[in-house]
Every structure is written in C-alpha cells, then in structure tokens.
Amino acid sequence: MLRWFHEWGSPKAFYLRSGKMLPWLACLTLVLLTVGLVWGLLFAPSDYQQGESVRIMYVHVPAAILAQSSYAMMAIAALIALVWRLKIADAAVQTAAPLGAMMTLLALATGSLWGKPMWGTFWIWDARLTSTLILFFLFVGVLALRSASGQGRNAGRAASVLALVGLINLPVIKYSVDWWFTLHQPASFTLTERPAMPVEMWAPLLVMVLGFYCWFALAWILRLRLEVLQRERRSEWVQRLVSP
Amino acid sequence: MNPLIRECKILVRSPADTVQSVLFVVIVVMLFPLAISPDPTILAGIAAGLMWVVALLASLLAAERGIQADFADGALEQMVLGKTPLWLLCSIKAFAHWLSCGLPLLLITPLLGTMLALDGLEIFWMLASFALGLPILSLFCTLGAMLTVGLDRGSALLPLLIAPFLIPTLILGTQWVQSGGQSFYGYMLAALLSLSVVSLPLATGVAARIAVSR
C-alpha cells in the first residue's frame with residue numbers, strides 16, 4: 001500500500017503512468033457518453049407523466065451524483081495531502097475544486113430547466129436544491145482559498161483543511177436543511193418518489209453515470225498532468241520532455 | 001502572561017472594536033423597518049431570521065480583528081512555538097471573539113427584539129438561541145480568520161469560506177425561535193455547540209500552524 005502510494009505519489013511517475021492510461025480512458029468515456037446520450041435521448045421511453053422532458057434526467061442525475069462524490073474525492077485527496085504531504089495530492093485538491101464546482105453548477109442548471117416544465121418554476125427552496133447550492137459554495141470556497149494562497153510549498157494546506165472541515169460539515173448542513181424544509185413548508189414536491197423506474201430507463205441512466213465518472217477521471221487527470229508540468233517546470237525530466 | 005488575561009486586556013484597552021460591532025448590528029436592524037415596512041406584524045414575523053442574519057454578518061465582520069493584529073506583530077508565531085497547547089490558545093481566541101462580538105449582541109437582544117416588535121416570550125427564546133448559537137459562530141469565524149490570515153485578499157475571502165458553515169446554526173436558531181421554543185431545535189443547537197467546541201479549535205490550530213509557515 002505504502003509502496004503503491006510512493007510510486008504514484010511522485011509527480012514524474014504519475015505523469016508517465018497516467019499518460020499510458022489516457023487513451024484507454026478517453027475511448028471508454030467517449031463510448032459510454034455516446035451510447036448513454038443516444039440511448040437516453042432517442043430510444044428510451046418517455047415518462048407517462050412527465051413526457052419527453054424526463055430525458056433531462058440523463059444529464060441531471062449523473063451530474064448531481066458526481067457533484068457529491070467529487071467533493072468526497074477532493075476531501076480524501078486533501079486528507080492525503082495533509083497527512084502524508086504528497087505533492088500530487090495537493091495538486092489533486094487544487095484541480096478537483098473547479099471540476100466539482102462545474103458539476104454542481106451543471107446539476108443546478110439542468111435541475112432548474114427540468115423544474116420549469118414539471119413544477120412550473122425554475123427554482124424552489126426545496127431541501128435538495130438548497131443543499132446542492134450550498135455544496136456549490138463549498139467548492140467555490142476551496143477554489144477561492146486555493147487560488148489566493150499562491151504557489152509556495154505549503155500554499156495548498158489551508159485549502160485542504162477547509163475541504164476536510166467541509167466534508168465533516170456536509171452531513172450537518174444536509175440534515176439541518178432537511179429539517180428546515182420538512183418542518184417549514186408542506187412537502188408538495190418530492191424529487192425521488194417516482195414510480196419504480198423500468199429497465200429501459202435506468203439502464204441508459206446507469207451508462208450515463210458511468211460515463212460521467214469516466215469523464216470526471218479523464219478531466220481530472222488531464223488537469224493534474226498540466227498542473228504537475230507547471231509545478232515541476234524546473235526539474236530535469238520536464239525540461240527533457242519539453243525540449244527533446 | 002496568561003493568554004486569557006491577555007485577550008481580556010486587549011479587549012478592555014480597545015473598546016472601540018466592541019462598540020463597532022454593537023453599532024453595526026443596531027444600524028442594520030434599523031434599516032429593515034425602513035426598507036420593508038414598519039408594520040409590527042410583518043416585523044415580528046421576520047424578526048428572528050433577520051436578527052440571526054445580522055448576527056452572522058457582525059460575527060464575520062469581527063472575525064479578523066484579533067487574529068490579524070497577532071499575525072502582524074508576530075504574537076501568532078510565538079503562540080505556535082510556545083508550550084501552551086495550540087487548541088487551547090485557539091479556543092481562547094474564539095472566546096475573545098465571543099466576548100467582543102457575541103456577548104454584546106446577547107446583551108442588546110432585548111433592545112433589538114423590541115425594535116422588531118417581538119413580545120417578551122419571543123425575546124426570551126431569541127436570547128436562548130443566541131446564547132447557544134453565537135459561540136458556534138465565534139468558533140467558525142476564528143477558524144476562517146486563521147485560514148485566511150496573511151493572504152492578499154484574505155478579508156474579502158473569509159465570508160465566502162465561512163458563511164456556508166454557519167447555515168446549520170442559522171437554521172436551528174431561527175427555527176427554535178419561530179417554533180416557539182420547540183425543544184428539538186434547542187437540543188440540536190446544543191449538540192452542534194458541543195461538537196464545535198471540541199473539534200473546531202483543533203482545526204484552527206492546524207490552520208494557525210499553516211498561517212505562520214506561509
């Protein structure tokens with residue numbers, strides 16, 4: 001385990017190894033997203049209540065799932081960066097924050113577009129919507145703190161602390177927003193209570209979720225590689241790589 | 001010197017800071033009847049949420065005060081290097097924030113409640129929610145100030161980082177008052193306070209170490 005950490009943790013090893021994985025991951029992402037989108041948007045049945053607009057689900061649900069899990073991934077990277085002081089983990093926190101913020105924004109935007117035909121409004125202070133919005137601000141906080149911290153050796157540590165405190169706080173925020181909602185106004189809308197989804201609908205959804213995960217991994221690795229090159233620009237191996 | 005006595009001395013010798021917090025709160029609360037409506041029923045309906053939002057803003061505004069000065073004159077570095085455990089010093093910092101911002105706010109709550117047309121019982125629950133909730137705000141604000149101290153745009157950054165963490169306190173505090181003192185919210189607020197008291201000073205200590213190594 002430690003050895004594995006050590007091997008992947010060095011920026012050079014990460015750069016060279018991830019380079020070999022990249023084409024495979026890119027192909028997988030492309031296939032999954034294409035299959036999922038075509039299947040979901042063209043061939044999956046429309047909902048008997050929601051009609052064609054249910055197809056927004058094939059983008060919205062993967063984005064929302066990824067928004068939450070990318071925060072967890074970022075916080076795990078932050079923990080590794082704080083405890084083992086791996087350079088690569090610090091770069092991972094820095095590059096995950098904008099991606100996570102983008103995913104959260106996508107979930108919010110598609111959700112609001114779905115809300116208009118279904119609920120008759122773009123925005124409603126529903127518990128889930130509110131906690132997703134708060135999640136967006138948590139991402140923005142980490143992003144802002146990281147970019148204000150500069151490039152020093154310890155620059156990323158404050159952002160890592162913030163990401164970890166955020167991870168511990170997320171359940172508290174989630175539950176408090178739930179209580180606020182459930183006791184504040186009657187539950188007129190529920191996002192989850194749908195008649196059990198038929199296979200023809202959840203199969204393309206599953207493909208899309210996997211595709212989104214692959215896309216996220218791909219985008220994360222690409223950004224991480226760029227970040228590694230920038231940070232290690234004075235080292236010998238980067239010099240050799242850039243000017244052969 | 002005992003760090004607790006030191007904080008108290010700083011507080012007593014610069015009363016302007018405390019006065020500033022109080023005046024800020026009173027002025028902002030005064031703006032709402034002017035902007036929304038002087039109608040007592042409308043004001044009483046929004047009073048709890050409004051006072052909590054103003055308390056939150058005042059806490060954020062006061063967050064940097066003690067820590068920025070300590071960072072600038074090197075006292076923070078001495079704290080990190082000294083023998084006293086860092087989590088204890090950070091707890092004292094949060095306590096100082098509460099003394100200069102939370103406690104005065106608690107004292108003027110009856111006044112604010114009267115300005116916003118709350119009756120006696122509602123003011124009592126407001127006091128109770130502030131008593132349990134304001135220390136949580138102080139602990140989080142101290143953490144935020146430690147995270148951003150010494151950064152270029154630190155003071156502009158702080159509210160952005162910390163405000164999302166204050167939302168649970170805001171919700172529980174407001175709901176406690178608006179539900180007329182339902183004990184569930186009180187217990188939850190107390191639980192949140194105990195959790196924050198034991199965990200946040202540790203994180204603040206880590207942040208302090210980072211701040212001086214920057």
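Residue numbers start from 1 in every chain, and the chains themselves are labelled A, B, ... in the order their sequence lines are given, proteins ahead of strands.
- Put simply, of Ala144(A), Ala159(A), Ala155(A), the one with the most heavy-atom pairs under 4.5 Å next to chain B is Ala144(A).
- Taking every heavy atom of both residues into account, Ala148(A) and Leu157(B) meet most closely at CB-CD2, 3.7 Å.
- The two residues Val165(A) and Ala203(B) have their closest heavy-atom pair at CG2-CB, 4.1 Å.
- In this structure, the side chains of Tyr175(A) and Ile171(B) stay at 4.5 Å or more apart for every pair of heavy atoms.
- Expressed to the nearest 0.5 Å, how far OG of Ser176(A) lies from CG of Leu170(B) amounts to 9.5 Å.
- For Pro164(B) against Ile134(A), the heavy-atom pair with the smallest separation is CB-CG2, 4.1 Å.
- Separation of atoms CZ (Phe137(A)) and CG (Leu161(B)) is listed at 12.5 Å; rounding is to 0.5 Å.
- A distance of 7.5 Å separates CG in Asn169(A) from CG in Leu192(B), rounded to the nearest 0.5 Å.
- When heavy atoms are compared at a cutoff of 4.5 Å, Met146(B) does not approach chain A at all.
- In terms of heavy-atom pairs under 4.5 angstrom with chain B, the leader among Leu135(A), Leu164(A), Val172(A), Leu145(A) is Leu145(A).
- Looking only at side-chain heavy atoms (C-beta outward), Ile168(A) and Phe165(B) stay at 4.5 Å or farther from each other.
- Here the closest non-hydrogen pair linking Pro168(B) and Ile173(A) is CG-CG1, 3.7 Å.
- Interface remark: of the candidates Leu138(A), Val140(A), Leu82(A), Leu138(A) forms the most heavy-atom pairs closer than 4.5 Å to chain B.
- Contacts with chain A were tallied for Leu151(B), Thr174(B), Val206(B), Leu143(B); Leu151(B) has the most, counting heavy-atom pairs under 4.5 Å.
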